[in-house]
Amino acid sequence: LHQEPFWQTCWWKGTCLKHNPRSAFILLHGLAVPLHKDLCDVFTGQLKLSPEVLVMCPLAEINSVGVIPISFLPNFPGITRLRSWFNFWLHPAKSVLLEGGGEDKDELEEAFKRVENIIRKLISEGIPSESIVLGGISQGGALALYTATHSRYKLGGVVGIVTWLPGGPGRWQVDTWSRLNQDTPVLLLNGLVDMMVPVVPAGSQTSAVLDSFFSDFSYRLILGTHLTAATASTSSPRLRRWLRDKTPLTLDCETALCWI
């Protein structure tokens with residue numbers, strides 16, 4: 001299991017440690033390049049979370065990923081390495097249709113244990129688990145949804161953006177999932193013209209399974225491709241409203257523009 005100094009796993013306007021945070025928002029990135037820190041700052045900043053919320057953006061390890069072979073990287077100038085939570089070799093459109101999915105089950109489980117460890121450390125710092133909201137983008141969203149169905153901690157909310165449910169239909173046995181978060185609010189946001197995680201079948205298959213399990217599940221489609229739908233300018237208004245209405249996180253919005 002990856003080990004790291006706890007307060008070095010987050011970014012928030014130049015500092016990680018806050019005085020007596022009352023709640024926390026954990027954001028798991030997708031396949032990441034060196035621009036991840038800027039993306040995290042922009043995304044979480046536009047959510048207008050109040051100073052009482054500790055925002056954490058942990059980094060995955062640098063790993064090879066079957067869906068993007070190392071030999072392809074020279075085609076992307078300046079990108080020589082990727083951070084990945086787990087290996088996967090099929091695009092979500094195929095993964096959600098195959099019995100065994102297209103993700104490395106052992107690596108997915110190890111990534112899940114790392115998220116659980118972050119939650120446990122937040123609890124040890126005095127933040128109740130039900131005041132922690134877990135979110136993720138793309139691959140990070142897949143890990144967030146996996147955590148929602150397997151965690152031993154009761155969470156305050158879970159959100160997946162341009163993402164899918166990993167494991168394949170063969171592992172979507174809801175009767176074996178942890179029921180601790182069955183009534184936890186869960187939001188899935190997918191892009192209407194996303195070719196990486198297409199609405200059909202990745203979004204539709206994922207939403208159908210999650211809707212059958214979670215009592216407070218919401219599925220929303222937003223304008224954009226995989227990249228544009230994941231950006232804060234596209235997803236943040238809808239996400240802000242959901243955070244305000246469904247989770248314990250407090251927002252620092254003083255104008256009506258925050259809700260547009």
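Pro201 and Ala93 make their closest contact through CG-O, 3.3 Å (heavy atoms, listed as atom of the first residue, atom of the second, distance). In terms of heavy atoms, Pro185 sits closest to Gly156 at CD-O, 3.9 Å. Between Val197 and Val162, the closest heavy-atom pair is CG2-O, 3.6 Å. The two residues Pro169 and Val96 come nearest to each other via the heavy atoms CG-O, 3.3 Å. Ala144 and Gly136 make their closest contact through CB-N, 4.1 Å (heavy atoms, listed as atom of the first residue, atom of the second, distance). Contact record, Phe86 with Ala142: CZ-CB, 4.2 Å, taken as the closest heavy-atom pair.
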**OP:** Mind running side chain to side chain contact (heavy atoms under 4.5 Å, CB included) on Leu90 and Leu98 for me, showing each step along the way?
**Re:** CA-CA 10 Å; Leu90 291 178; Leu98 293 182; 3.3 Å; yes
Original post:
Would Ser23 and Ser131 satisfy side chain to side chain donor-acceptor pair (under 3.5 Å), going step by step from the backbone distance to the final call?
Top reply: CA-CA 5 Å; Ser23 57; Ser131 295; over 6 Å; no
Subject >> Full working for ring-ring contact (aromatic ring centres under 6.0 Å, His included) between Phe88 and Trp164 >> reply: CA-CA 12 Å; Phe88 64 109; Trp164 75 101; 5.6 Å; yes
Original post:
Is there a side chain to side chain donor-acceptor pair (under 3.5 Å) between Glu103 and Ser95 once you walk through the steps?
Top reply: CA-CA 8 Å; Glu103 301 84 17; Ser95 175; 2.6 Å; yes
**OP:** Report the C-alpha distance between Leu59 and His29 in whole Å, list the side-chain angles of each, state the deciding distance to 0.1 Å, and finish with yes or no for side chain to side chain contact (heavy atoms under 4.5 Å, CB included).
**Re:** CA-CA 7 Å; Leu59 280 172; His29 63 76; 4.0 Å; yes
**OP:** Check the pair Val158, Leu187 against side chain to side chain contact (heavy atoms under 4.5 Å, CB included), reporting the backbone distance first and the verdict last.
**Re:** CA-CA 6 Å; Val158 178; Leu187 173 66; over 6 Å; no
Original post:
Given Ser178 and Arg152, is the side chain to side chain contact (heavy atoms under 4.5 Å, CB included) satisfied, shown in steps?
Top reply: CA-CA 7 Å; Ser178 169; Arg152 59 179 174 176; over 6 Å; no
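When side chains are defined from C-beta on, Leu54 counts as touching Leu122, because their heavy atoms get closer than 4.5 Å. In this structure the side chain of Val186 never reaches within 4.5 angstrom of the side chain of Tyr219, judged on heavy atoms. Taking 4.5 Å as the limit, some side-chain heavy atom of Ile132 sits within range of a side-chain heavy atom of Ile119. Here the side chains of Arg220 and Trp242 are not in contact, with every heavy-atom distance at 4.5 Å or above. With a 4.5 Å cut-off on side-chain heavy atoms, His91 and Val67 count as touching. Residues Ser84 and Glu61 form no side-chain contact, since every pair of their non-hydrogen atoms from C-beta on lies 4.5 Å or further apart. Residues Leu180 and Ser151 have side chains not in contact (no heavy-atom distance under 4.5 Å, counting atoms from C-beta outward). Between Asp252 and Thr250, the closest side-chain pair of non-hydrogen atoms is not below 4.5 Å.
Separation of atoms CZ (Phe217) and OG (Ser212) is listed at 9.5 Å; rounding is to 0.5 Å. Rounding to the nearest 0.5 Å places CG of Asn181 at 9.5 Å from CG of Leu134. Separation of atoms OG1 (Thr228) and CD1 (Ile222) is listed at 8.0 Å; rounding is to 0.5 Å. Expressed to the nearest 0.5 Å, how far CZ of Arg240 lies from CG of Leu49 amounts to 9.5 Å. Note: Cys57 SG to Leu27 CG = 4.5 Å, rounded to the nearest 0.5 Å. The distance from atom CZ of Arg83 to atom CD1 of Ile62, rounded to the nearest 0.5 Å, is 4.5 Å.
Side-chain heavy atoms closer than 4.5 Å link hydrophobic residues (I, L, V, M, F, W, Y) into clusters, and following such links, even through other members, never connects Met195 to Ile137. No continuous path of ILVMFWY side-chain contacts below 4.5 Å connects Trp89 to Leu31, so the two sit in separate hydrophobic clusters. Linking ILVMFWY side-chain heavy atoms closer than 4.5 Å, directly or via other members, places Ile123 and Ile127 in a single hydrophobic cluster. By the rule that hydrophobic residues join a cluster once side-chain heavy atoms approach within less than 4.5 Å of another member, Val199 and Leu227 end up as members of separate clusters. Placement of Val174 and Leu188 within a single hydrophobic cluster is found when ILVMFWY residues are connected by side-chain heavy-atom separations under 4.5 Å, directly or transitively.
Side chains of Glu116 and Thr147: a donor-acceptor N/O pair is absent below 3.5 angstrom, by distance only. Side-chain polar atoms of Arg120 and Asn117 form a donor-acceptor pair below 3.5 angstrom. Side-chain contact of Tyr153 with Glu130: a donor-acceptor pair under 3.5 Å is absent, judged by distance alone.
Here the rule is side-chain contact (heavy atoms from CB on, under 4.5 Å) with Leu47, and of Val55, Leu251, Leu239, Val53 only Leu239 fits it.
Of the possible polar contacts, none joining the Lys246 side chain to the Thr184 backbone as a donor-acceptor pair under 3.5 Å is found. Panel note: side chain Asn190, backbone Pro198; no donor-acceptor pair is recorded below 3.5 Å. The backbone N or O of Gly203 sits nowhere less than 3.5 Å from a side-chain atom of Thr206 that would complete a donor-acceptor pair. Gln205 places no side-chain N or O within 3.5 Å of a backbone atom of Leu97 that could act as its donor or acceptor partner.
Surrounding CG of Leu192 are more than 12 heavy atoms belonging to other residues, nucleotides or ligands, all under 6.0 Å away. Surrounding NZ of Lys154 are more than 12 heavy atoms belonging to other residues, nucleotides or ligands, all under 6.0 Å away.
Note on Lys113 versus Glu110: salt bridge recorded, some NZ/NE/NH1/NH2 to OD/OE distance being below 4.0 Å.
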